[in-house]
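Because the structure is predicted, anything quoted here is derived from the model rather than measured. Lettering of chains follows the sequences in order, A, B, ..., and the numbering in each one begins at 1.
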Protein chains: 2
Amino acid sequence: MESISQTEENYLKAIYKIAERAEKPASTNAIAAAMSTSAASVTDMIKRLSEKDLVNYERYRGVTMTKTGQKIATTLIRKHRLWEVFLVEKLDFSWDEVHDIAEQLEHIQSRELITRLDEYLKFPRFDPHGDPIPDEDGVFTFRKQVLLAEMEEAEEGVIVGVHDHTSDFLQYLDRMKLTLGTEIKLVERYAYDDSIKMLLGDSKEIVISKKVSQHLFVQKK
Amino acid sequence: MESISQTEENYLKAIYKIAERAEKPASTNAIAAAMSTSAASVTDMIKRLSEKDLVNYERYRGVTMTKTGQKIATTLIRKHRLWEVFLVEKLDFSWDEVHDIAEQLEHIQSRELITRLDEYLKFPRFDPHGDPIPDEDGVFTFRKQVLLAEMEEAEEGVIVGVHDHTSDFLQYLDRMKLTLGTEIKLVERYAYDDSIKMLLGDSKEIVISKKVSQHLFVQKK
DNA sequence: AAGTATTTTTAGGTTAATCTAAAAATTTAT
DNA sequence: ATAAATTTTTAGATTAACCTAAAAATACTT
């Protein structure tokens with residue numbers, strides 16, 4: 001069994017997120033940006049990962065992931081999100097504080113640990129930000145969701161996720177009581193700036209900006 | 001704030017354990033043995049730690065710890081032992097399975113995490129092996145305890161700790177029902193091989209070898 | 001106190017992961 | 001389609017953490 005460093009793991013996760021999202025090879029520059037490093041370092045690392053058959057690499061052509069690489073990446077995402085649930089549910093952290101700690105915890109090596117943690121948390125399917133937690137085989141639960149910005153007037157739904165994980169945004173949502181699980185109804189959209197007036201629960205009315213509406217996922221009723 | 005690597009942390013912990021136990025400088029060879037590495041590598045590392053004022057070093061004289069180094073070492077021990085409690089109490093691991101995982105978890109960097117974990121676990125003072133958990137200032141709870149081997153016939157006490165952390169020993173104790181908290185009474189010591197007959201609780205009688213008796217800590221009644 | 005054994009350090013080298021600067025390949029624009 | 005701009009790779013260095021082998025210092029023995 002080949003050993004794999006924490007740095008290599010982080011590259012794999014970054015490549016997975018880029019390549020999977022775009023459904024095409026991840027470019028050297030995109031990886032460099034994601035890892036806050038130089039393109040030269042990325043080329044170096046890609047060669048090493050390719051040696052180990054964790055990615056497919058053709059020079060100047062970008063990188064895709066092998067089955068093995070994908071497995072490692074989804075396991076990392078699984079571990080990260082399970083730990084986030086633990087931190088929020090058990091240790092009472094708020095959703096804007098857990099990312100950096102989970103970023104470290106995801107590298108702890110122990111199959112058994114994750115199995116037991118999952119069980120202890122009662123097999124959660126989504127993390128505190130509403131992102132799906134892949135199962136042991138790397139399969140994500142799919143949920144039919146839209147951006148609040150894409151909804152029509154009078155439509156109703158439940159807030160189920162965020163598309164911006166910065167603490168600024170998350171803290172804003174807390175202050176506005178726009179937490180996950182909140183039922184909403186779109187009252188009116190103002191064409192001038194695409195801001196939206198909506199009903200929270202069945203009493204409170206608030207207005208949010210276009211930007212906010214583009215960062216909230218809603219499951220329609 | 002100087003950054004400190006995981007490797008450096010492990011050296012500090014090893015040096016702390018050696019120097020503290022012996023109450024004199026840790027020798028290069030002793031550190032090399034503890035870290036399963038060469039004496040040359042230890043000399044290298046010691047110089048680096050000394051540069052950062054984490055240890056006091058005089059060549060050919062061995063190493064002692066500075067206040068800063070001690071703080072780091074006791075914090076590591078605190079984190080290790082708190083995580084062990086978590087693994088056993090919450091995730092239902094047995095006491096012989098937790099060491100390697102805690103060895104990784106102790107390097108997670110977050111003050112807040114440890115504060116909250118401690119609270120979540122209800123501020124335990126001892127880990128699953130009976131070892132004391134230092135407080136935030138690095139102070140260990142002291143407990144008056146003796147080795148079972150040092151007890152006299154007819155004396156009574158409670159098993160409170162182990163002096164051998166190998167899984168072989170811990171599993172043996174499980175099988176013999178010699179777990180922490182068990183009340184015992186020394187019935188007879190056989191001079192021939194220093195094996196001991198003792199009473200477990202108030203019904204079961206068992207005989208243990210000298211070796212076992214030298215690895216069990218007892219708090220006398 | 002001299003000689004032997006042990007411990008510790010130095011010297012010199014390796015590997016992973018990084019960097020900057022320059023060269024090469026590819027893409028975009030005229 | 002050629003030039004200009006961009007992206008990617010190579011070249012060459014650096015640093016942390018390790019190694020082996022040889023030299024130096026200290027400790028043990030008689």
- line: Per-nt protein contacts along nucleotides 18-27 of chain C (heavy atom under 4.0 Å; B base, S backbone sugar-phosphate only, - none) come out as BBBB--BSS-

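An OP1 or OP2 oxygen of D:dA16 is reached within less than 4.0 angstrom by no side-chain nitrogen or oxygen of B:Ser5. Contact annotation: A:Lys47 side-chain N/O to D:dT9 OP1/OP2 distance is not under 4.0 Å. Between D:dT6 and A:Asn29, no contact under 4.0 Å exists linking OP1 or OP2 to a side-chain N or O.
Following rounding to the nearest Å, A:Ile46 (CD1) and C:dA17 (P) show an atom-to-atom distance of 14 Å. Nucleotide C:dA16 holds its C1' atom 16 Å from the CD atom of B:Gln6, rounded to whole Å. Protein atom CD of A:Glu58 is 11 Å distant from nucleotide atom P of D:dT9, rounded to whole Å. Across the protein-nucleic acid pair, A:Tyr57 atom OH and D:dT7 atom P stand 16 Å apart, rounded to whole Å. A straight line from CE of B:Met35 to P of D:dC18 spans 7 Å, rounded to a whole angstrom.
Relative to the ring axis of A:Tyr120, A:Lys90 places its NZ or CZ within 45° and under 6.0 Å from the centre.
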Do any side-chain atoms of residues 124-135 of chain A form donor-acceptor pairs under 3.5 angstrom with protein atoms, and if so which ones, sequence neighbours left out?
{"from": "A:Arg125", "atom 1": "NE", "to": "A:Thr141", "atom 2": "OG1", "distance (Å)": "3.2"}
{"from": "A:Asp127", "atom 1": "OD1", "to": "A:His129", "atom 2": "N", "distance (Å)": "2.7"}
{"from": "A:Asp127", "atom 1": "OD1", "to": "A:Gly130", "atom 2": "N", "distance (Å)": "3.1"}
{"from": "A:Asp127", "atom 1": "OD1", "to": "A:Asp131", "atom 2": "N", "distance (Å)": "3.1"}
{"from": "A:His129", "atom 1": "ND1", "to": "A:Glu84", "atom 2": "OE1", "distance (Å)": "3.1"}
{"from": "A:His129", "atom 1": "NE2", "to": "A:Trp95", "atom 2": "O", "distance (Å)": "2.8"}
{"from": "A:Asp131", "atom 1": "OD2", "to": "A:His165", "atom 2": "NE2", "distance (Å)": "2.7"}
{"from": "A:Asp135", "atom 1": "OD1", "to": "A:Asp137", "atom 2": "N", "distance (Å)": "2.8"}
{"from": "A:Asp135", "atom 1": "OD1", "to": "A:Gly138", "atom 2": "N", "distance (Å)": "3.1"}
{"from": "A:Asp135", "atom 1": "OD1", "to": "A:Val139", "atom 2": "N", "distance (Å)": "3.0"}

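Atom-to-atom distance recorded for A:Lys71:NZ and A:Leu12:CG is 13.5 Å, nearest 0.5 angstrom.
B:Glu51 has no carboxylate O lying under 4.0 Å from a charged side-chain N of B:Lys47, or vice versa, which leaves the two without a salt bridge.
If you check every strand for non-hydrogen atoms under 4.0 Å, A:Thr28 touches sugar and phosphate atoms only.
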I'd like a list of close polar pairs between nucleotides 2-4 of chain C and the protein, N/O only, cut-off under 3.5 Å.
none

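Closest to the side chain of B:Ala39, out of C:dT9, D:dT7, C:dA17, is C:dT9.
In this structure, B:Phe169 and B:Asp164 approach most closely via the heavy-atom pair CD2-O, 3.2 Å.
The salt bridge (Lys or Arg N to Asp or Glu O under 4.0 Å) check on A:Asp118 picks up A:Arg78, with sequence neighbours excluded. Remark: A:Glu8 engages A:Lys52 in a salt bridge (Lys or Arg N to Asp or Glu O under 4.0 Å) (not counting sequence neighbours). With sequence neighbours left out, the salt bridge (Lys or Arg N to Asp or Glu O under 4.0 Å) criterion links B:Glu20 to no other residue.
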Derivation of the side chain to side chain contact (heavy atoms under 4.5 Å, CB included) call for B:Met151 and B:Val218: CA-CA 9 Å; B:Met151 289 176 73; B:Val218 177; 3.7 Å; yes

